[in-house]
Amino acid sequence: MEHKVKQTYGIKVATILHATESLTEDLDYLCSLVEKPDPEFNIKNAIVYAHAVMTLSNHLEFVLEELTQRDLTPEEDLVK
């Protein structure tokens, strides 16, 4: 007789919240460099800079839009 074991993989809700905060702070910092340039961090390549901003923006959107739509575990501490 074969027994199938169901396993649920998830991400801790606290981890998602921390990631959201970090991504937001990083995105805010990069965007602020256009308004108030940092002399220690010169933007030498606008295309690389734009890719970095878009990557952070896309990742933040994934965390906020995609992950928040997924089900929680019964204990509500993990996102499936």
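These numbers come from a predicted model, not from an experiment.
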Name all residues meeting the salt bridge (charged side-chain N to carboxylate O under 4.0 Å, His left out) criterion together with Glu66; count only those two or more places apart in sequence or in a different chain, and write none if there are none. Arg70
Sole candidate of Val63, Thr68, Leu67 that passes side chain to side chain contact (heavy atoms under 4.5 Å, CB included) when paired with Thr20: Val63
Do any side-chain atoms of residues 43-60 form donor-acceptor pairs under 3.5 angstrom with protein atoms, and if so which ones, sequence neighbours left out?
| from | atom 1 | to | atom 2 | distance (Å) |
| --- | --- | --- | --- | --- |
| Asn45 | OD1 | Ile47 | N | 3.0 |
| Asn45 | OD1 | Val48 | N | 3.3 |
| Tyr49 | OH | Leu30 | O | 2.3 |
| Thr55 | OG1 | His51 | O | 2.7 |
| Asn58 | ND2 | Met54 | O | 3.3 |

With side chains defined as the heavy atoms from C-beta onward, is the minimum distance between Ile11 and Leu78 less than 4.5 Å? no
Do the non-hydrogen side-chain atoms of Lys80 and Leu72 ever get within less than 4.5 Å of each other? no
Residue pair Asp77 / Thr73, side-chain donor-acceptor N/O under 3.5 Å: yes
Interatomic spacing from CG in Leu23 to CD1 in Ile16 - rounded to 0.5 Å: 11.5 Å
